[in-house]
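In what follows, every heavy atom counts, from backbone to side chain, and hydrogens, waters and symmetry copies are set aside. These figures come from a predicted structure and were not determined experimentally.
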Amino acid sequence: QVQLVESGGGSVQPGGSLRLSCSASGLTFSRHGMAWFRQAPGKEREFVATINYRGDDSDYGPSVKGRFTVTRDNANDMMYLQMTSPTSEDSEVYYCAGMVGTWISAAAGHYDYWGQGTQVTVSS
């Protein structure tokens with residue numbers, strides 16, 4: 001079955017950097033659009049970034065645009081989220097998601113596969 005596993009979460013200082021990874025298995029990774037979402041306790045899941053199947057198209061949520069970068073390595077079935085200049089507002093659980101389609105999308109309902117999440121805490 002399809003499995004998405006996030007890693008790389010942890011504590012980071014404001015203004016620092018952190019890279020999250022998503023390892024995919026059970027699917028032909030290079031045929032799937034992928035995304036990152038995040039969620040804090042008591043809040044709705046929020047779109048962070050999306051990337052198409054080839055990695056040549058992407059989009060970002062307004063709160064992270066210009067600070068976070070999504071990339072993928074189809075040869076190794078991996079997706080990444082490079083976080084720079086994080087603030088306390090970025091302290092949430094980050095989820096990797098994959099869709100059956102190949103395109104980008106900011107809508108959580110378009111995604112069929114989800115990881116278990118990795119916690120990011122931004123604190124000095």
Side-chain angles (χ1 to χ4, degrees):
Q1 71 277 21
V2 176
Q3 193 169 15
L4 302 176
V5 179
E6 303 92 340
S7 61
S11 296
V12 60
Q13 292 188 339
S17 66
L18 193 69
R19 189 177 79 158
L20 304 183
S21 300
C22 172
S23 176
S25 61
L27 75 171
T28 305
F29 182 71
S30 61
R31 295 181 181 175
H32 296 267
M34 300 292 294
W36 290 96
F37 288 81
R38 66 186 186 185
Q39 189 169 22
K43 294 176 65 177
E44 290 194 359
R45 191 162 291 191
E46 177 189 3
F47 165 68
V48 176
T50 179
I51 188 166
N52 73 339
Y53 71 115
R54 293 185 304 195
D56 59 3
D57 192 17
S58 60
D59 193 18
Y60 297 88
S63 60
V64 307
K65 201 165 190 175
R67 300 187 299 120
F68 292 7
T69 303
V70 59
T71 57
R72 64 190 297 160
D73 177 358
N74 284 347
N76 291 294
D77 296 346
M78 296 290 295
M79 179 178 66
Y80 303 99
L81 183 70
Q82 182 69 48
M83 305 170 61
T84 59
S85 301
T87 72
S88 59
E89 300 290 308
D90 298 315
S91 295
E92 303 197 29
V93 177
Y94 285 73
Y95 296 92
C96 169
M99 65 160 65
V100 171
T102 60
W103 51 88
I104 60 172
S105 174
H110 287 169
Y111 291 87
D112 306 281
Y113 314 114
W114 292 86
Q116 293 300 305
T118 186
Q119 175 72 50
V120 172
T121 302
V122 183
S123 173
S124 56

Chi angles and distances behind the side chain to side chain contact (heavy atoms under 4.5 Å, CB included) call for Trp36, Val64: CA-CA 11 Å; Trp36 290 96; Val64 307; over 6 Å; no

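- For the atom pair CG of Asp77 and OG of Ser30, the computed distance is 7.5 Å after rounding to the nearest 0.5 Å.
- In terms of modelled atom types and a separation under 3.5 Å, the side chain of Thr121 and the main chain of Ser11 share no donor-acceptor contact.
- Between the side chain of Glu6 and the backbone N or O of Gln116 there is at least one donor-acceptor pair closer than 3.5 Å.
- The two residues Ser105 and Met99 make their nearest non-hydrogen contact at CB-CE, 3.7 Å.
- Relative ring orientation between Phe68 and Tyr94 is described as tilted, the plane-to-plane angle lying within the 30° to 60° band.
- Residues Leu81 and Phe37 fall into different hydrophobic clusters, defined by Ile, Leu, Val, Met, Phe, Trp and Tyr side chains chained together at heavy-atom separations under 4.5 Å.
- At a threshold of 4.5 Å between side-chain heavy atoms, the hydrophobic network of Ile, Leu, Val, Met, Phe, Trp and Tyr places Met83 and Val12 in one connected group.
- Looking only at distances, a side-chain donor or acceptor of Asn74 sits under 3.5 Å from a matching main-chain atom of Tyr53.
- Taking both residues in full, the closest heavy atoms of Ala108 and Trp114 are given as O-CZ2, 3.6 Å, listed atom of the first, atom of the second, then distance.
- Hydrophobic clustering, with ILVMFWY side chains joined whenever heavy atoms are under 4.5 angstrom apart, groups Tyr113 together with Phe29.
- Expressed to the nearest 0.5 Å, how far NZ of Lys43 lies from CZ of Arg38 amounts to 7.0 Å.
- Between the CE atom in Met78 and the OG1 atom in Thr71 there is a gap of 9.5 Å [rounded to 0.5 Å].
- Applying side chain to side chain contact (heavy atoms under 4.5 Å, CB included) to Leu4 and the options Ser23, Cys22, Ser25 leaves one that passes, Cys22.
- Between Met79 and Ala35, the shortest heavy-atom contact is CE-O, 3.3 Å.
- If you take OH on Tyr60 and CD1 on Ile104, they are separated by 10.0 Å, rounding to the nearest 0.5 Å.
- A distance-only check finds no donor-acceptor pair linking the side chain of Tyr111 to the backbone of Gly33 [under 3.5 Å].
- Between Gly61 and Phe47, the closest heavy-atom pair is N-CE2, 3.3 Å.
- Side chain of Asp112 to backbone of Val100: a donor-acceptor contact under 3.5 angstrom is found.
- Other residues, nucleotides and ligands contribute over 12 non-hydrogen atoms within 6.0 Å of the CD atom of Gln119.
- Side-chain atoms of Thr118 come within 3.5 Å of backbone N or O of Gly9 as a donor-acceptor pair.
- Here the side chain of Arg72 pairs a donor or acceptor atom with the backbone of Asn52 at under 3.5 angstrom.
- Nearest heavy atom pair, residue Ser124 against residue Pro14, reads N-CD, 3.7 Å.
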Intermediate values then yes/no, side chain to side chain contact (heavy atoms under 4.5 Å, CB included), Leu27 and His32: CA-CA 8 Å; Leu27 75 171; His32 296 267; 3.4 Å; yes

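- At distances below 3.5 Å, at least one donor-acceptor pair connects side-chain atoms of Arg67 with backbone N or O atoms of Ser63.
- The CG atom of Asp59 sits 11.5 Å away from atom CD1 of Ile51, with the distance rounded to the nearest 0.5 Å.
- Atoms CD and CG, on Gln82 and Leu20 in that order, are 9.0 Å from each other to the nearest 0.5 Å.
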